[in-house]
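Working notes, structure below.
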Amino acid sequence: MASALTTAAAVKVSFLIIIFQLTLVGNVFGGNVLIWPTEASHWLNIKIIIQKMIEREHNVTILVSTAALFIQPQDVPAAKFELYPVPFGKDDLDSLIKDIIMLWLRNRPTTLTFYQFYKELGKLTKKANVLNKQMCDGVLANQEFLAQLQKSHFHVLLSDPVTICGDLVALKLGIPFVYTLRFTPASTVERHCGMIPAPPSYVPAVLSELTDRMSFGERIKNIVSYHIQDYVFQQYWGEWDSYYSHILDM
């Protein structure tokens with residue numbers, strides 16, 4: 001008799017636990033996710049992630065500028081698209097993307113061409129920074145738009161770090177953010193901001209086209225590549241320091 005009562009009590013407890021877990025199903029499976037994407041091939045990458053999240057019943061909202069080229073609502077009909085204004089047009093963005101592609105095709109960074117490559121890359125980076133800051137301002141300087149996003153109660157922001165500001169948007173909304181990939185030339189941001197260990201004798205710099213098995217000469221090339229990328233970063237990306245400080249002080 002005692003054994004039967006114990007078994008009945010155990011079944012009752014198990015049943016109550018199952019009922020309690022079922023009440024949490026909605027919270028577990030459904031989240032509000034905000035997306036800060038990047039144009040061109042990067043959109044193809046993050047679109048796959050978005051589609052998987054929708055399959056798992058998350059609510060996905062995608063921030064997209066009025067100058068977007070490839071990011072179109074019909075690509076992901078189940079997602080919500082929030083348009084924000086920018087003062088440049090599709091032609092400006094299209095021209096920048098084409099210039100970057102042609103630079104890589106015509107002046108790939110070899111021993112003989114790396115100086116010209118980084119010189120031209122610096123010019124394009126300055127142009128990209130201007131457009132990127134205008135995209136940031138389209139969201140962060142628009143208090144009405146930010147308030148609208150706040151009301152949506154997002155749980156997390158998924159950001160492609162190639163287009164800067166996803167982290168700033170997340171900070172202004174008070175939500176965590178996740179990067180879709182680890183990608184800066186020579187891992188400059190990851191090393192200096194994220195403190196990722198990257199000894200140049202063993203870890204090949206991004207864009208160096210080296211592997212983790214390097215000869216002595218390749219290790220020298222790798223060390224030089226790291227130093228060049230650090231210089232380029234400080235020269236052309238360092239200006240973002242003041243922008244971040246300005247936005248976070250608002």
Side-chain angles (χ1 to χ4, degrees), residues 26-27 29-40 42-47 49-51 53-54 56-97 125-181 189 193 237-250:
N27 293 331
F29 291 135
N32 293 328
V33 183
L34 186 61
I35 308 293
W36 179 262
T38 292
E39 280 284 356
H42 285 262
W43 168 239
L44 300 178
N45 169 56
I46 200 170
K47 186 168 67 171
I49 301 174
I50 291 170
Q51 289 168 338
M53 287 193 294
I54 291 173
R56 299 185 181 188
E57 301 184 2
H58 294 294
N59 301 313
V60 177
T61 300
I62 303 168
L63 292 173
V64 56
S65 78
T66 51
L69 289 172
F70 302 97
I71 305 172
Q72 301 297 329
Q74 59 267 27
D75 288 348
V76 193
K80 180 181 179 182
F81 285 74
E82 288 285 359
L83 282 175
Y84 60 90
V86 290
F88 59 89
K90 296 178 185 291
D91 291 343
D92 298 301
L93 192 57
D94 185 51
S95 175
L96 174 63
I97 292 174
T125 301
K126 283 188 174 181
K127 182 179 178 180
N129 283 343
V130 170
L131 299 185
N132 199 158
K133 284 183 180 178
Q134 290 174 341
M135 293 173 67
C136 297
D137 287 340
V139 176
L140 297 168
N142 189 336
Q143 295 303 317
E144 184 178 343
F145 187 72
L146 273 178
Q148 179 183 330
L149 294 178
Q150 287 277 13
K151 292 178 181 178
S152 297
H153 301 291
F154 293 106
H155 298 121
V156 67
L157 184 145
L158 185 64
S159 173
D160 186 319
V162 173
T163 299
I164 299 171
C165 266
D167 51 353
L168 274 179
V169 174
L171 288 170
K172 296 298 285 187
L173 295 177
I175 58 176
F177 65 91
V178 179
Y179 283 144
T180 58
L181 48 83
V189 173
C193 302
W237 289 2
E239 62 186 77
W240 283 99
D241 287 348
S242 58
Y243 183 85
Y244 269 59
S245 297
H246 169 70
I247 294 296
L248 293 176
D249 288 339
M250 288 175 61

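No hydrogens, no waters, no symmetry mates; every other heavy atom, side chains included, goes into these values.
- E39 CD to T163 OG1: the interatomic distance, rounded to the nearest 0.5 Å, is 8.0 Å.
- In the displayed structure, K80 atom NZ is contacted under 6.0 Å by at most 12 heavy atoms of other residues, nucleotides or ligands.
- Inter-residue side-chain proximity for M53 and L158 is flagged as met; some heavy-atom pair is nearer than 4.5 Å.
- At a threshold of 4.5 Å between non-hydrogen side-chain atoms, the residues I50 and D75 do not count as touching.
- At least one side-chain heavy atom of W36 sits under 4.5 Å from a side-chain heavy atom of V139.
- Nearest heavy atoms, P161 versus T180: CD-OG1, 4.0 Å.
- Surrounding CD of Q74 are more than 12 heavy atoms belonging to other residues, nucleotides or ligands, all under 6.0 Å away.
- Going from atom CG of L157 over to atom CG of L173 covers 7.5 Å, rounded to the nearest 0.5 Å.
- Residues L171 and L248 meet the side-chain proximity criterion, which asks for heavy atoms closer than 4.5 Å.
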>> Assess the residue pair I46 and I35 against the criterion (side chain to side chain contact (heavy atoms under 4.5 Å, CB included)); give the C-alpha distance rounded to whole Å, side-chain angles, the decisive distance to 0.1 Å, and a yes or no.
In response: CA-CA 9 Å; I46 200 170; I35 308 293; 3.5 Å; yes
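- Note that the CG atom of N45 and the OG1 atom of T38 stand 9.5 Å from one another [nearest 0.5 Å].
- A 4.5 Å side-chain heavy-atom check between Y243 and L140 finds at least one atom pair inside the cut-off.
- The minimum heavy-atom distance linking V162 with H42 is given by the pair CG2-CE1, 3.4 Å.
- Atom OH in Y84 sits 3.5 Å away from atom CE in M135 (nearest 0.5 Å).
- Separating the CG atom in L146 from the CD atom in E144 is a distance of 10.5 Å, to the nearest 0.5 Å.
- Legend: disulfide (SG to SG under 2.5 Å) pairs involving residues 136-166, not counting sequence neighbours, sorted by first then second residue: C136-C165.
- Applying the ring-ring contact (aromatic ring centres under 6.0 Å, His included) test to residues at least two apart or on different chains, the pairs with a partner in residues 132-177 are F177-Y179.
- Between V156 and P176 there is a side-chain heavy-atom pair separated by less than 4.5 Å.
- Residues D160 and P37 come closest through the heavy atom pair CB-C, 4.2 Å.
- The two residues F81 and Q72 make their nearest non-hydrogen contact at CZ-O, 3.6 Å.
- Between the CG atom of D167 and the NZ atom of K172 there is a distance of 12.5 Å, given to the nearest 0.5 Å.
- A donor-acceptor pair under 3.5 Å is absent between the side-chain atoms of S95 and the main chain of D91, judged by distance alone.
- In this structure, S152 and N32 approach most closely via the heavy-atom pair O-ND2, 3.5 Å.
- Side-chain contact check for L63 versus L34: some heavy-atom pair is nearer than 4.5 Å.
- Pairing each heavy atom of I71 with each of I62, the nearest pair is CG2-CG2, 4.4 Å.
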>> Checking W43 against V64 for the side chain to side chain contact (heavy atoms under 4.5 Å, CB included) test, could you report, in this order, the C-alpha distance in whole Å, the side-chain angles of both residues, the deciding distance, and whether it holds?
In response: CA-CA 11 Å; W43 168 239; V64 56; over 6 Å; no
>> Let's go through W240 and N132 carefully: what are the C-alpha distance in whole Å and the side-chain angles of both, what is the deciding distance for side-chain hydrogen bond (donor to acceptor under 3.5 Å, both in side chains) to 0.1 Å, and is it a yes or a no?
In response: CA-CA 10 Å; W240 283 99; N132 199 158; 5.6 Å; no
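- Using a 4.5 Å heavy-atom threshold, the side chains of L44 and F70 count as separate.
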